[in-house]
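Take a look at the structure set out below.
In what follows, every chain begins at residue 1, and chains take the letters A, B, ... in the order their sequences are listed. Note that the structure is a prediction, hence the values are computed from the model and not measured.
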Amino acid sequence: MSAVLFFIAAIGAITGAVGVVMLGSQFYSVLALVIHLVALAALFLLLRAEFVAAAQVIVYAGAVMVLYVFVVAYVGGGDEEATRSGLRFLGPLLALALAVELCVALLGTALKGISSKGARFVPGFGTPADIGKLFLTKFLLPFELASLLLLVAAVGAIVLARRRRGLEPDEEREARYHPRLPAWVGSMAEAGGLTRFEEPPAPPAAEPEPESAPIGSQS
Amino acid sequence: MTATTFGWLVLLCPLVGMVVIALGYKVLPGRTPGWIATAAIGLSFACAVVMLVKLLDLPTAHRQLTSSLWNYASSVGVNAKMGILVDPLSVFMVLVVSGVSTLIHLYSVSYMSGDRGYTRFFAYLNYFVFSMLLLLLAGNFLLLIVGWAFVGAASYLLISFWYRRTTATRAGIKAFVINVVGDVGLVLGTFFIFTHTGTLDFLQTFAAVPHVFHHNSTDLVVGCLLLLVGAFAKSAQVPLHTWLPDAMEGPTPVSALIHAATMVTAGVYLIARMHPLFELAPTAADIGAVGGCLTLLIAGTIGLTVTDVKRVIAYSTMSQIGYMIMGAAAGAYSGALFLLMAHAFFKALLFMAAGSLIAAMAGNQDLDRMGGFRRALPFTFGCFLIGGMALSGLPPFSGWFSKDDILAFLDHRGGGFEIMGIAGYIGAILTAIYTFRLIFRAFLGAPCPEAKELEEGHLAHAEVPTNPQTGEVEDTDVGFPGPEHHIAEREWPMKVAMGTLAVLATVGGFLEVPGVDDAIRRFLEPSFSTSQLAASVPSTGADWIGLVIGAAIAVVGVVIAYRIWVLAPGTAAVIRERFAPLYRLFVNKWYFDEIIDYAIVRPAQWFGQVAETVIDRTLVAEGITGGTVSVIGAVSAAVRRTQTGFLRYYVALMLLGVSGVVIYFLVAG
Amino acid sequence: MAIGWYLAVSAVIFSIGAAGVLVRRSPLVVLLCLELMLNAANLALVAFSRMWGSEDGQVFALIVMVIAACEVTVGLGLIVAMYRRRMPLDVDDLRELQG
Amino acid sequence: MTRVPPIHIAATHIKGPPIDWVGLAPFVTLTIGALLVLLIGLLRSPIARERIVPALSVVTLAVTIGYEIATFHHQTSIISGALRIDDLALILDLVFAIAGLAAVILSVREPGATDAGHGEYHSLLLFSILGMAVLVSAQNLVTLFIGFELLSIPLYILCASDSRRAASLESGLKYLVIGSVGSATLVYGLALIYGATGTTDFVPISAAITGSSVQPGGLLNDPLLLTGIALSIVGFAFKASVAPFHQWTPDVYEGAPTPITAFMATATKAAAIGVFLRFFDVAVIGVQSTWAPLLAALATITIIVGNVGALGQSSTKRILAYSGVGQAGYMLAGVVVGTQLGITATVFYIVTYLPVNLAAFAVIVARQRQRAGGEDLSALAGLGTRQPWLAWPMTIAMLSLAGIPGTVGFIGKLYLIRALVGGNYTWLAVMIVVGSMISLGYYLRVVATMWMSSPQAESASARVPAGGRPAIAGGSDEADAADAGGWPTPDRAVANAEVAAVAVLFGAAGVFFGIIPSPLLQLAAHAGRSITGIF
Amino acid sequence: MTLTILIWLPLAIGVAVSALPPALVGRATAILSLAPLGVAISFLARFKIGHAGLQFVTDHTWISAFGIHYKVGLDGLNVALVVLTTVLFTASMAWSATREWERPRLFYFFLGLAQSAVLGAFCAQDLFLFVAFFDLMLIPFYFLTGMWGTGERVRATTKLVIYTLVGSFFMLVAAIATAVLASNAYGTSLTFVLSSLQHLQLSHTSQDWVFLCFAVAFLVKMPLVPFHGWLADGYRSMPIPAVAVFSGVLSKVAAYGFLKIVLPLFPYASVHYQTLMLVIALVSIIYATSLAFTTTQARLVVAYSSVAQLAFIVLGIFSLRPQGGQGALLQMLNHGLVTAPLFFIVAALAVRCGGSEDIREMGGLAFRAPVLAALFLIVILANLAMPGSSNFAGEFLILLGVFKAKLAISVIAFLGVIGAAVYSLRVYIRTMHNPLGPKAHSHEISWRDALPIAALVVVILALAFYPQFGLRRSDQSLRATMAPAEVQDGLSPAAVVAVTGSGRR
């Protein structure tokens with residue numbers, strides 16, 4: 001029974017993965033990844049990792065993928081013409097070599113465990129309770145750091161993705177009813193609503209002349 | 001005040017003279033430098049005389065005095081002191097050198113006046129005398145070599161004295177380089193001897209030699225041969241003689257002083273000084289004798305054909321020194337030194353006379369253009385005649401006694417030396433011929449234009465001064481003989497100098513008359529006390545036989561010369577036709593210059609060219625340096641080419657690296 | 001099923017992800033492929049944790065998940081920024097820096 | 001392991017691990033500082049954002065440094081063995097903090113900072129430092145990996161922070177993608193190691209490798225473990241920009257804002273080498289005989305590639321990037337030896353590498369503020385006459401990197417060679433020497449440009465390269481005018497006061513410690529001794 | 001008054017004068033540079049003759065971790081060279097002081113730095129200290145050539161530095177290896193102090209490669225064929241004061257290194273490679289000589305002649321006979337004194353020929369410049385080692401040593417002596433004599449130019465009368481430094497005494 005489930009899930013995961021790589025449209029790639037993740041979650045379950053599986057489904061298939069979809073929609077994920085360079089063939093070959101090596105490594109080990117079904121199952125193994133306990137005791141520091149890391153990521157996303165003056169596609173029109181946006185527009189400061197529209201000392205660099213400032217070399 | 005003190009004074013005088021003249025080159029007016037120089041040398045001659053007296057006071061056994069001022073270079077087993085050796089030999093040489101030099105200085109005072117380089121000339125001249133005296137008084141090998149090289153340098157400076165003449169500078173460098181070859185020989189020879197004796201000091205060496213060397217041992221023979229190289233280079237013996245004729249580029253007094261009277265005889269002095277070595281290495285000595293013998297013949301033959309007055313005398317000098325070398329090497333030390341002294345007198349005299357003659361010719365030295373100066377230059381003619389007769393060994397002039405003394409000794413030793421003796425007689429006849437060829441052609445016969453002009457009472461002056469060798473117009477602002485010339489008839493210093501020498505050349509021979517007296521041998525005896533050869537002297541009778549033969553041969557030579565150039569002036573041309581190839585050989589100086597040029601000079605230059613162009617530019621610059629650079633450059637270009645900027649290529653390379661590393665571990669594990 | 005099977009699957013997925021990074025030019029998809037690689041690691045971790053019966057592997061997997069999320073967020077942010085700058089969304093056109 | 005039945009689980013029963021706050025203090029300081037900076041960055045007034053924020057970051061780093069110095073010799077392992085605080089870690093932390101300090105000072109007036117918002121910018125910087133600190137004292141695979149990421153992710157963002165330049169974004173993306181591949185490889189490798197040994201803690205891992213707890217005879221030849229090590233080597237090597245995993249380095253260094261480049265070139269490299277030391281000399285020292293040859297080979301390749309690649313470059317930043325690759329090779333050589341001496345040498349080399357590199361980058365920053373294309377080599381032409389206070393630090397830096405006596409670089413090389421010769425790796429020492437010879441080719445080129453080429457030649461070639469931009473808008477013309485006119489106008493000199501100060505300070509340090517190296521040497525010696533178990 | 005003061009005084013001066021207005025810097029430096037000269041002479045005066053050991057030792061621990069000491073001291077080997085250094089630098093500064101240099105402060109700072117480095121290298125009694133100073137010497141010359149040079153200066157200076165540093169880096173490895181291997185082999189703590197290293201002989205195999213590394217470093221510095229690739233460009237581009245001290249002193253440091261470090265530390269290798277070194281030297285002599293009488297650049301003639309001279313010095317050192325060593329030491333002194341004025345004279349000649357240093361465009365300059373001609377003559381005669389010059393005494397001893405060691409080599413080496421005469425006189429005649437050259441406009445040498453040359457000429461003449469000056473101090477130390485190699489070479493100390501002592505009855 002478990003074998004059947006395993007094969008279904010494994011095939012699903014691998015197909016999903018292949019789909020991510022092969023499918024032309026970025027949108028389909030995202031969907032393929034979702035399939036892959038769900039299949040992977042199934043594998044996790046087979047490995048008695050309930051909590052990981054759940055996290056997988058919620059965090060990934062839920063949050064992250066949604067983010068993906070939004071971005072794809074925003075940047076208009078059109079089809080991408082197939083790559084021309086030699087990597088098109090070299091890449092898969094390289095990957096194949098890698099896979100072979102890894103399999104040799106994984107299966108060539110003398111460890112008994114590899115061929116076994118795993119250690120004797122202890123009730124409670126992989127439950128949120130156990131994991132959480134570990135997080136609070138042995139892995140306290142990683143746990144805290146992970147939170148910081150998430151904060152960093154959030155800050156980074158804002159820093160990078162916020163709007164900037166002089167870079168918008170339709171600069172002139174916007175300039176009409178948003179005269180001289182301060183430099184911090186779109187920053188967390190704005191998000192925090194701590195800022196009014198008064199005159200910040202705009203750094204002079206914020207006066208780009210489009211013709212004298214070709215995109216790519218803003219000078 | 002012992003003899004050595006005066007020995008030092010002998011050295012000091014000319015040195016001081018040189019320094020004074022050199023430093024005062026701006027302030028000293030007119031002929032003062034000349035007088036200062038003459039005074040300096042005269043003083044040192046005086047000191048030499050005192051030295052002689054002091055030495056004669058001592059008993060014969062103690063006539064070898066050494067004195068040293070400070071350590072010159074003495075460390076790690078080398079013991080070179082600033083020391084002199086005063087013994088009869090050196091005193092004798094010092095006397096000759098300083099005496100003749102004084103006279104030649106006196107001569108130059110007027111002869112060189114009017115030359116732009118007057119001061120420089122006398123500074124050089126004094127420097128030369130200093131060097132020569134240093135050579136003679138040196139108490140050890142190192143100092144000997146120093147003096148040896150100094151005289152070479154001085155000779156270089158004086159040969160290329162008129163330095164705007166490329167011929168002069170070329171002759172100078174030639175002389176210098178050949179002399180350096182000689183120095184090298186000397187140094188190497190010293191090494192060979194030093195490594196066995198462990199000392200550089202003469203007396204210690206001579207004391208040690210019999211104990212450290214066995215008879216004719218290889219090292220000693222090689223060492224002596226190398227010493228001979230030095231001697232030959234300095235004394236212009238075949239095959240290192242080619243510089244001497246060219247050295248005639250220098251002013252005539254220089255030729256008289258250096259290339260006749262003093263420097264060129266250093267070789268003879270060296271052999272005499274080193275006689276304990278040579279007597280222990282007969283092989284080397286014999287080779288030396290042969291060399292001298294060859295030289296006197298070759299030089300004689302060339303002397304027959306050359307037409308440059310000074311060069312004729314130069315070749316005769318070579319051949320005379322050939323006699324001395326031959327004699328000294330064969331063991332006739334006193335004879336050789338006797339001839340050396342006599343030669344100094346009459347050869348200096350000849351050169352001075354020639355100088356006067358050339359002055360009368362306004363600097364032209366070509367024998368073909370001369371003639372009939374007998375009336376125009378009576379005094380000069382007289383001196384020339386005396387000198388010539390002495391040179392060709394006519395009785396009772398000094399040349400007669402001295403040269404035939406040597407030849408007699410050779411016959412006395414017998415064996416191979418007999419042959420040399422005969423060769424010597426052949427040389428003698430040649431000498432007589434070319435000497436009188438000179439005299440007859442220059443002074444007898446129809447007067448040449450200059451001679452006529454002079455008879456009317458005014459000295460000829462070249463309107464356009466030209467280089468007598470190349471005929472190219474002279475650069476007259478400096479380093480050139482000067483516009484006016486001086487002849488003995490009009491300059492009393494020249495007269496005095498020449499007159500004195502004429503007298504000496506005439507009577508000098510009587511110092512050593514077989515059976516009557518042998519002042520020189522007796523005086524020199526202490527220096528050669530250890531020598532077996534010096535002890536064995538030919539009997540008086542043998543001596544006299546030799547003298548008679550010599551006189552006869554000289555007379556024959558003179559007669560032949562008279563026959564060819566006075567009675568039947570055409571004969572010379574006829575002979576020239578008859579023996580054309582021989583003549584060509586002689587007139588081209590046996591092709592020595594050409595041989596040396598092709599054998600040594602050109603290959604060296606060629607190698608230099610190759611070294612610069614091929615090896616240095618190509619091999620080192622392109623090869624080693626450029627090669628490395630280009631390799632690194634290529635690698636750098638490759639590295640930068642992989643930096644394509646293609647993100648995916650970077651990832652690809654990275655994954656390639658991953659699989660590489662993994663493979664390594666899988667294999668290594 | 002033996003653990004080895006899971007590991008094999010994870011290896012395959014890892015390689016597929018790597019291949020994807022190599023062949024795809026849209027940064028978005030490249031990010032997806034990176035996700036694949038990380039997930040492969042996760043699978044391996046979970047499999048090992050099962051094998052040893054220790055939950056460290058699962059914790060590790062969760063941490064990796066967080067990190068994956070962070071990388072994605074930052075990556076997407078970058079992509080948006082580039083889009084705003086009207087820069088081409090094609091890794092092959094990012095060649096201003098080279099040599 | 002003993003398990004509590006799930007029924008009894010309640011939050012009350014869970015005892016958090018004991019925490020040694022003294023040891024943890026630097027980390028806490030950094031965290032708090034980062035958060036504070038982030039918050040103050042939200043304030044309205046520009047003063048707060050552009051003055052207080054950097055000031056606060058400086059304070060944070062200063063306090064951190066203070067704590068680290070205070071807790072020197074305080075060897076503990078904290079939070080249930082997640083972190084090990086010892087002299088090695090502390091010295092490396094000092095390096096990070098100093099590098100960060102320099103970066104903060106250089107970032108005043110940095111357009112990138114203004115662009116990203118000072119609060120965000122600086123807090124990210126501090127977080128990255130925190131990540132490094134965690135990384136080099138990690139005693140556990142999980143901690144190690146998260147530290148690795150906490151160090152990387154902020155740098156991805158910071159590289160792209162100057163998003164008005166396409167180059168900045170490009171470098172950010174490149175760094176992100178390649179970095180993620182690297183971390184994916186790393187984590188997979190860690191996973192395999194975990195799989196082979198069944199634990200995530202270093203000490204048990206090394207025990208499992210040598211001892212027979214996991215498997216009789218240990219794991220010395222177990223492909224699983226070895227592959228894991230291989231993959232983790234790649235992960236670290238990438239961070240340390242060791243060839244052939246170096247290719248991101250020149251591009252990212254060139255594209256990133258120069259202060260960040262300076263930070264990466266020094267701190268990141270130090271962190272990567274530090275983790276090399278930790279991981280290979282503690283966790284997997286058992287299989288040294290296997291990995292040492294490989295690392296030696298990698299070091300050789302790196303030395304050659306880095307030094308050779310720098311030869312033909314026209315951008316000073318790129319030259320420094322490649323030189324950084326080469327230097328990484330030298331440091332790796334120190335790791336190879338695997339003796340305390342080797343560790344000491346490596347640490348010392350890192351310490352010597354820090355000041356001179358910072359000085360060099362400071363000079364580049366100054367030039368960029370003064371004229372367009374300031375990172376160009378041509379921008380340095382004639383600097384010796386016109387701005388000696390910039391030319392000298394750069395000269396010292398170059399000479400030190402080349403290993404000329406009188407500078408720290410010389411002593412650093414001395415120590416490395418001494419360690420290598422002592423460890424029977426003389427051939428590697430020779431490789432270092434060969435590398436230095438090649439490196440002269442470009443270091444001297446920089447020096448020659450500054451002192452021996454006339455400003456005329458420079459102003460002729462003063463072009464604005466793609467991506468180059470004047471620090472002050474429209475300053476380009478003025479800057480060029482100033483360059484042509486010779487002396488920089490006073491306001492520029494002022495504008496560069498703090499930058500020049502950094503340059504001069506670190507340049508001076510480079511000479512001072514070159515003449516009196518003993519203090520640094522003792523410091524490094526402590527680091528070496530702090531790793532026990534090897535001789 | 002410790003050596004430290006002497007070593008660092010020039011640098012201090014260089015720094016101090018940069019406070020003065022540029023116009024004064026030159027003269028100030030020239031005058032102040034008399035101070036180190038004076039100090040050096042005072043050391044010379046206080047030097048106790050007949051001691052093999054060190055005198056005026058200063059010894060502090062510099063880098064305790066490696067047992068590296070800041071140990072400086074004087075012995076017979078370096079005392080004369082130290083004085084020579086100060087003399088030549090003073091002369092160069094005096095020569096420079098009368099000229100305009102752009103950025104004078106920097107110029108004199110670098111000169112000062114160079115002097116300090118050279119002095120340090122000579123005085124260093126610690127292997128590592130020596131290496132450090134040896135490399136440091138190069139930096140000022142890098143700048144001097146690159147900033148004040150002529151022609152392809154940057155290319156030339158880069159070439160120079162890379163060439164020489166390649167050698168130096170190998171030497172660095174070798175030096176460290178020496179100390180490390182020694183301490184490993186004998187289980188002693190790490191030390192770089194020469195005197196202690198001397199008692200820790202390395203194994204033969206290590207000696208071999210270490211020796212080669214040192215040899216490369218030194219041979220490049222001198223330079224000898226085939227390591228002379230940088231020579232032509234470097235010498236042609238260096239400013240005159242720099243090139244004067246470079247060929248006058250820096251090349252000596254290399255030769256000194258052989259004598260001070262290589263022979264005592266690696267006697268086995270020294271004997272093992274004796275023939276190789278002798279042959280290299282021999283080839284250099286022949287090769288440089290032939291180049292010297294081919295090239296038409298006056299400056300290069302001097303350059304190649306100094307290559308030949310240094311080859312002679314190496315010849316003397318590797319005769320492994322005390323005579324050769326003494327000769328080499330004396331020759332170092334002489335060559336330094338000769339080559340510097342030669343470069344000044346070349347500059348003077350160039351001035352009289354429209355800046356060209358091509359002897360084909362010179363000629364007849366002696367006219368209207370008798371003093372210059374006289375100075376030149378004396379120097380050139382000394383350069384060709386005419387007997388009577390101290391150079392000859394040096395060459396005599398060198399060749400005597402070689403003669404004792406390898407007869408054939410010494411015989412061939414004499415070709416170099418003859419060649420020296422040829423090229424020296426050639427350059428003298430082609431410049432001073434012969435008809436007036438196309439570009440020649442002769443005029444008497446000015447006081448400011450004559451002063452440094454004349455001063456050095458006086459020293460040359462003094463030495464010519466008393467070469468012993470250069471020999472008496474070094475005697476003992478030289479025997480000491482040569483002894484290990486001699487023993488290794490089979491001449492037991494007893495034999496040495498026999499060989500050397502036989503002369504002194």
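Note: Leu32(C) leads Val72(C), Val74(C), Leu32(C) in heavy-atom pairs under 4.5 Å with chain A. Each of Ala17(A), Ala13(A), Ala99(A) has some count of heavy-atom pairs under 4.5 Å with chain C, and the biggest count is that of Ala17(A). Ranking Ala49(A), Ala55(A), Gly156(A) against chain C, the residue ahead of the rest is Ala49(A), based on heavy-atom pairs under 4.5 Å. Taking Gly16(A), Gly91(A), Ala10(A), Ser116(A) one by one and counting their heavy-atom pairs under 4.5 Å with chain C, the maximum is reached by Ser116(A). Counting heavy-atom pairs closer than 4.5 Å to chain A, the top residue among Gly75(C), Ala11(C), Cys70(C), Gly20(C) is Cys70(C). The residue among Val12(C), Thr73(C), Leu62(C) with the most heavy atom pairs within less than 4.5 Å of chain A is Leu62(C). Options Ser115(A), Ala153(A), Pro142(A), Ala9(A) differ in how many heavy-atom pairs under 4.5 Å they form with chain C, and the most are formed by Ala153(A). The choice from Leu102(A), Val152(A), Val30(A) that makes the most heavy-atom pairs within less than 4.5 Å of chain C is Leu102(A). Counting heavy-atom pairs closer than 4.5 Å to chain C, the top residue among Val59(A), Leu93(A), Ile114(A) is Ile114(A).
When the shell of 6.0 Å around CZ of Phe70(A) is examined, it contains 12 or fewer heavy atoms from other residues, nucleotides or ligands. Sparse packing is recorded around CZ of Phe143(A), with 12 or fewer heavy atoms of other residues, nucleotides or ligands lying under 6.0 Å away.
If you measure heavy-atom distances from Leu78(C) to chain A, the contacts under 4.5 Å come from both the backbone and the side chain. For Ser29(A), the parts sitting under 4.5 Å from any heavy atom of chain C are the backbone and the side chain alike. Using a 4.5 Å cut-off between heavy atoms, Leu90(A) makes no contact with chain C at all. Heavy-atom distances place both the backbone and the side chain of Leu98(A) under 4.5 Å from chain C. Heavy atoms closer than 4.5 Å to chain C are found in both the backbone and the side chain of Leu47(A). Contact of Glu101(A) with chain C is not made at all, since no heavy-atom distance falls under 4.5 Å. With a 4.5 angstrom heavy-atom cutoff, Val100(A) does not touch chain C via any of its atoms. Neither the backbone nor the side chain of Leu5(A) comes within contact range of chain C; no heavy atom of the residue lies under 4.5 Å from a heavy atom of that chain. Leu7(C) touches chain A through backbone and side chain together, each having a heavy atom under 4.5 Å away. Using a 4.5 Å cut-off between heavy atoms, Lys112(A) does not touch chain C at all. Both the backbone and the side chain of Leu150(A) come within less than 4.5 Å of a heavy atom of chain C. Within the 4.5 angstrom heavy-atom criterion, atoms from both the backbone and the side chain of Ala68(C) approach chain A. Contact of Val20(A) with chain C is made through backbone and side chain together, with heavy-atom distances under 4.5 Å. Using a 4.5 Å cut-off between heavy atoms, Leu43(A) contacts chain C through both its backbone and its side chain. In this structure, chain C has heavy atoms under 4.5 Å from both the backbone and the side chain of Tyr68(A). Contacts between Phe48(C) and chain A at a heavy-atom distance below 4.5 Å involve the side chain alone, from C-beta outward. Only the side chain of Leu134(A) comes within contact range of chain C, with heavy atoms under 4.5 Å apart.
In this structure, Tyr6(C) has its ring center under 6.0 Å from that of Phe6(A).
Taking every heavy atom of both residues into account, Gly24(A) and Arg24(C) meet most closely at O-NH2, 3.2 Å. Here the closest heavy-atom approach between residue Ala39(A) and residue Gly12(A) is recorded as CB-C, 3.7 Å. Minimum interatomic distance between Arg50(C) and Arg48(A) (heavy atoms only, all atoms of both residues): NE-CG, 3.5 Å. Across all their heavy atoms, Gly57(C) and Ser49(C) have their closest contact at CA-CB, 3.7 Å. For Gly124(A) against Asp130(A), the heavy-atom pair with the smallest separation is O-OD2, 3.0 Å. The two residues Ala32(A) and Gly19(A) make their nearest non-hydrogen contact at CB-C, 3.8 Å.
Thr109(A) places no side-chain N or O within donor-acceptor distance of the main-chain N or O of Ala105(A), the cut-off being under 3.5 Å. Listed for the Arg162(A) side chain is no donor-acceptor partner under 3.5 Å among the backbone atoms of Ala157(A). Glu55(C) places a side-chain N or O within donor-acceptor distance of the main-chain N or O of Gly126(A), the cut-off being under 3.5 Å.
Val59(C) is listed as a side-chain neighbour of Ile131(A), based on a closest heavy-atom distance under 4.5 Å. At a threshold of 4.5 Å between non-hydrogen side-chain atoms, the residues Leu89(C) and Ile79(C) count as touching.
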Tell me, with the steps shown, if Ile35(A) and Thr15(A) meet side-chain contact (heavy atoms from CB on, under 4.5 Å). CA-CA 9 Å; Ile35(A) 297 168; Thr15(A) 4; over 6 Å; no
